Amino acid sequence: MTLLKEPDFGTPERPGPATVSVEVDGMPVTVPEGTSVMRAAALAGIDIPKLCATDSLEPFGSCRLCVVEIDGRRGTPASCTTPVAAGMSVRTQTPKVEKLRQGVMELYISDHPLDCLTCPANGDCELQDMAGVVGLRQVRYGYEGENHLDAEKDTSNPYFDFDASKCIACSRCVRACGEVQGTFALTIEGRGFDSKVSAGAGETFMESECVSCGACVQACPTSTLQEKSVVELGMPTRSVITTCAYCGVGCSFKAELRGDELVRMVPHKDGGANEGHSCVKGRFAFGYASHPDRMLKPMVREKITDPWREVEWDEAIGTVARRMRELQQQYGSGAIGAITSSRCTNEEVYVVQKMVRAAFGNNNVDTCARVCHSPTGYGLKQTFGESAGTQDFRSVAEADVIMVIGANPTDGHPVFASRMKRRLREGAKLIVVDPRRIDLVRSPHVQAEHHLQLRPSTNVAVVNAMAHVVVTEGLVDRAFVDERCEDFDGWEEFIARPENSPEATEELTGVPAEELRAAARLYAQAPNGAIYYGLGVTEHSQGSTMVMGMANLAMACGNIGRDGVGVNPLRGQNNVQGSCDMGSFPHELPGYRHVSDDAVRTVFENLWGGTILAEPGLRIPNMFDAAIDGTFRGLFVHGEDIAQSDPNLKHVTAALEAMELVVVQDLFLNETAKFAHVFLPGASFLEKDGTFTNAERRINRVRAVMKPKTGKHEWQIVSEIATAMGHPMSYGHPSEIMDEIAQVTPTFTGVSFQLLDKLGSVQWPCNEEAPEGTPIMHVDEFVRGKGRFVVTTFVPTAERSTRRFPLILTTGRILSQYNVGAQTRRTGNVAWHPEDVLELHPHDAEVRGIVDGDMVTLASRVGETRLKAEISDRMPPGVVYTTFHHPVTGANVVTTENSDWATNCPEYKVTAVQVGLARPRRDDGAENDRGRERDELLTVVD
Amino acid sequence: MAGAVPAERRMANDIAANLVHLPGASAAEAVAGHIGRFWDPRMRTRLFDFVDAGADGLDPLVVEAVKLLR
Ligand code: SF4
Ligand code: SF4
Ligand code: SF4
Ligand code: FES
């Protein structure tokens, strides 16, 4: 249940063109065919009492509180399960139904602890409400009979409790877990009076399959499933609509507060991206915002070996401005630059790139998207003409075949995964292309038709082979290609070459040719085939080629420009799309326009004053190289932890050490701050006002629920630095920054805070042609005119397994943790993932004498780290896997300098490594005393 | 970094390897175009210096492209 109630129509919408007219208590109402009587009544303004129904779930008809009388029909049907019929006349308040409802309530109440006044849900309990609504005055059955009042409480989950004594067995939680979340962790055990909710056979919630999304808690009409924060702090009293600051799904939330204290986050029903659902991170993991580790005062120091000195804002800002200018005087104007963050708002990112271009006077600005999705920008721009995904999330509901490539949506993009799983349960077919057997391959009610378990680094060979099948088996959508695309013939000749066939590439990719052919046919012949992909595509030395390869395949099959199709990046961080849109690439001004374009530069020069350089600046890895070379001396790092997140950490830290001024703005003293001379405390998303743009180009409002704890907004700080450097920048409110963005960016001309407040959210392009935004792109023509086929030759990575480093390491993420974990590690989410582990195949483990739980060393040609082994057959032999959420493990100590040829996006997904049993360290304690005995074996394997 | 290939050389070679399939002179033009569009001038200068120092380990296509870039 939510506090600030959104209307609940009882049963889900049944959209459709055909309508039916009925009368409810004499009120006429016309609704789509298939609508329930309950929903029709609600639409006519009449709320029928209900307990087991809620409009996020299919009706179930178990409580019998919603009975009505229908003229000409016998009995008292349940209005939630009865669909409307033409001419129906419904009566919701008759003596007969009133009596029945009172009887139902009496039964419920007789088995319910009557501690309403001390119950945490007091005031937010549907049972309590309904007792009032039906006019319950007496309970004839007494409380002495058999009851569940002593049932045990399950408090195992860090965020919510399960108090079975309050359960009314309405099964809303069970249905929410299945229908909304798609996990199917809950069941109703037993029958009749004995029936009770259970999270698996005799298991607690924590031991069960539950992923802690909270959908059941939200659906529960009583206090049976209740947020611990509500138990602790009490019912919230007000709410603010805002956007999750974790992943690129961009879920909308109501932040519910009591006074100034955040009590809970409840997903917003009207949220375009999530439609009322969320995952464990967005709903529960907000505690980091008030964690004691948060820094609230600016600090400076001369050398990184000096202790920090707290200073006032003026001094900190003055120091940054002065020292940046000094570095420019000494080493040239290109000696300084900045890194923007995909976690910051569009407005913040915009002012940082403006500071670099206008105040620093160069183009040395890059975003952390460099290390995740820069190939998406490049590849989609080359082929379609726009650096963004083609669809809205809703579109997946129309897909017939869904191909997931190098993404793990159930962990990385959970709410989108729930939408996808719903479609798969409805019968859409699934193809998974991934070296790892991700959960989607087989989970309750979902089974991939094909899992193409390719070797890491062979994506391009696989997508080329699929396109080869399409071209050589006559599956090309000729009409689409002829009308909408160009450069097809050259590409067709290339892709049809025998070396691109599944048979020729099988040995290299490890994907059986027949299986690949079947998958290609399935995708090509589907009425609607949709591609969703993640970092398993981009973070390769051929990342950009692979993006273009997928675009080629989609165009060849005519799978672009309508619902249910498309090529869709699943973005890692909340504002990856936005930070790219806002011009934080060293070669592009806002709106993806190249700095060499005179007309575009003039627009900005006229507005900002001064000149903008026509030459591209340094990208993040180039900044590090230039720092070591001595030509790059000062860096402003906005909200990123590059000393943990970037590859080849030895190189990164050497670069940071080489610089004379490193400025870090962050919530916490992160790893990068160890190399900083100035630390500027940042604001959490709860203190921010602005916008985030999610993976479907949806611009969502972020609204401050409290004042910045640091006393200053981040956009304000950046503006003040620019001003102190002699380029005055002043804004009174972030909406003014958005107005400036709209003024200079053709795809944003219609965007304003006012419009967002009115529509809730909007998907760019939003301009004169599309005043309410663009859910699906490239509908009648591609943004670049014709879709362009690009020849995608497979160029193998330089990273090879060798005798010394015989295994391939690939990296990923896990549901409960986020990126480098700076936030999630400071929340209850550590209960699920206290440390990073190395997954390795039983065969690879056995030959090295490693058993589950052993401490192992993981070494590549650039570095070595230690972590715990987990034996798993999710990867094929020869491939090992880990996450990068914890600094102690430092998975990036071993990743290399290899990068995407076109964008320098690091090749995180492919590193040749060796794994061995670790020698015990003093701090390992007794946990690994088997280490020494195994050393001999290890040498043999080496 | 010990033993590592200088960054500009590695990156230029990667670009060349991915564009070498283009016909005739367009390959060198594409490599030059890519470097021109995406590289900071100081990186280009370093690349030119490599070429001047004998182009050791540099893809011949890069050498062609550098001629166009100068
Ligand atoms: S929290 Fe989510 S996954 Fe867990 S039982 Fe509830 S609905 Fe299911
Ligand atoms: S836990 Fe809540 S939602 Fe689930 S059956 Fe009991 S009362 Fe209904
Ligand atoms: S799916 Fe992503 S955006 Fe939604 S709640 Fe989870 S982390 Fe936040
Ligand atoms: S609400 Fe209709 S039967 Fe429960």
Side-chain angles (χ1 to χ4, degrees), chain A residues 332 334-335 337 362-364 366 374 378 460 490 494 497 541-542 544-545 548 585-588 594-596 613-619 621-626 628-632 648 650-651 654-655 790-798 861-862 896-904 907, chain B:
Chain A
N362 62 42
N363 283 316
N364 293 333
D366 203 2
S374 49
Y378 179 87
V460 173
F494 154 77
R497 287 181 203 157
S541 62
Q542 323 84 351
S544 293
T545 312
M548 296 188 288
F585 283 136
H587 66 288
E588 277 171 345
H594 202 271
V595 290
S596 63
L613 281 193
E615 290 277 11
L618 296 167
R619 300 179 282 198
N622 313 146
M623 291 180 188
F624 298 148
D625 294 335
I628 289 172
D629 273 358
T631 63
F632 191 70
N648 193 3
K650 242 193 252 170
H651 185 62
V790 176
V791 169
T792 50
T793 318
F794 173 60
V795 179
T797 171
R861 64 187 159 83
V862 306
T896 69
E897 73 287 357
N898 290 342
S899 65
D900 172 44
W901 67 272
T903 66
N904 277 167
E907 188 167 53
Chain B
M1 254 189 10
V5 182
E8 284 80 7
R9 193 176 81 188
R10 170 175 49 80
M11 285 158 47
N13 283 349
D14 284 351
I15 295 167
N18 280 279
L19 296 173
V20 66
H21 63 82
L22 294 171
S26 63
E29 280 163 24
V31 173
H34 191 93
I35 291 175
R37 265 182 101 70
F38 293 102
W39 283 28
D40 178 276
R42 81 192 81 173
M43 294 161 63
R44 272 178 261 158
T45 311
R46 275 177 54 92
L47 183 63
F48 298 169
D49 291 347
F50 278 131
V51 173
D52 295 342
D56 185 24
L58 214 51
D59 191 308
L61 188 55
V62 177
V63 180
E64 282 307 301
V66 165
K67 284 187 199 150
L68 297 172
L69 275 169
R70 287 205 205 237

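The structure displayed is predicted, hence computed values, not measured ones. Lettering of chains follows the sequences in order, A, B, ..., and the numbering in each one begins at 1.
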Please rank [options] by heavy-atom pairs under 4.5 Å with chain B and give me the top one.
{"options": "A/Q542, A/E588, A/E615", "result": "A/E615"}
{"options": "A/D900, A/D629, A/N362", "result": "A/D629"}
{"options": "A/L613, A/T793, A/T545", "result": "A/T793"}

Other residues, nucleotides, ligands: >12 heavy atoms within 6.0 Å of B/D52 CG: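 Count over threshold, so yes.
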How many angstroms lie between [atom1] in [X] and [atom2] in [Y], if you round to the nearest 0.5 Å?
{"X": "B/R37", "Y": "A/H594", "atom1": "CZ", "atom2": "NE2", "result": "4.0 Å"}
{"X": "A/E907", "Y": "B/D14", "atom1": "CD", "atom2": "CG", "result": "9.0 Å"}
{"X": "B/R10", "Y": "A/N904", "atom1": "CZ", "atom2": "CG", "result": "7.0 Å"}
{"X": "A/D625", "Y": "B/D40", "atom1": "CG", "atom2": "CG", "result": "11.5 Å"}
{"X": "B/M11", "Y": "A/R619", "atom1": "CE", "atom2": "CZ", "result": "5.0 Å"}

Side chains of B/R44 and A/P616 in contact at under 4.5 Å (non-hydrogen atoms): yes
Whether B/R42 side chain and A/G334 backbone form a donor-acceptor pair below 3.5 Å: yes
Whether A/W901 and B/H34 hold their rings parallel, tilted or perpendicular, with breakpoints at 30° and 60°: tilted
[X] portion near chain B, given a 4.5 angstrom heavy-atom threshold:
{"X": "A/Y378", "value": "side chain"}
{"X": "A/A626", "value": "side chain"}
{"X": "A/S899", "value": "both"}

Contact origin within B/L19 toward chain A - heavy atom pairs under 4.5 Å: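 Only the side chain of B/L19 comes within 4.5 Å of chain A.
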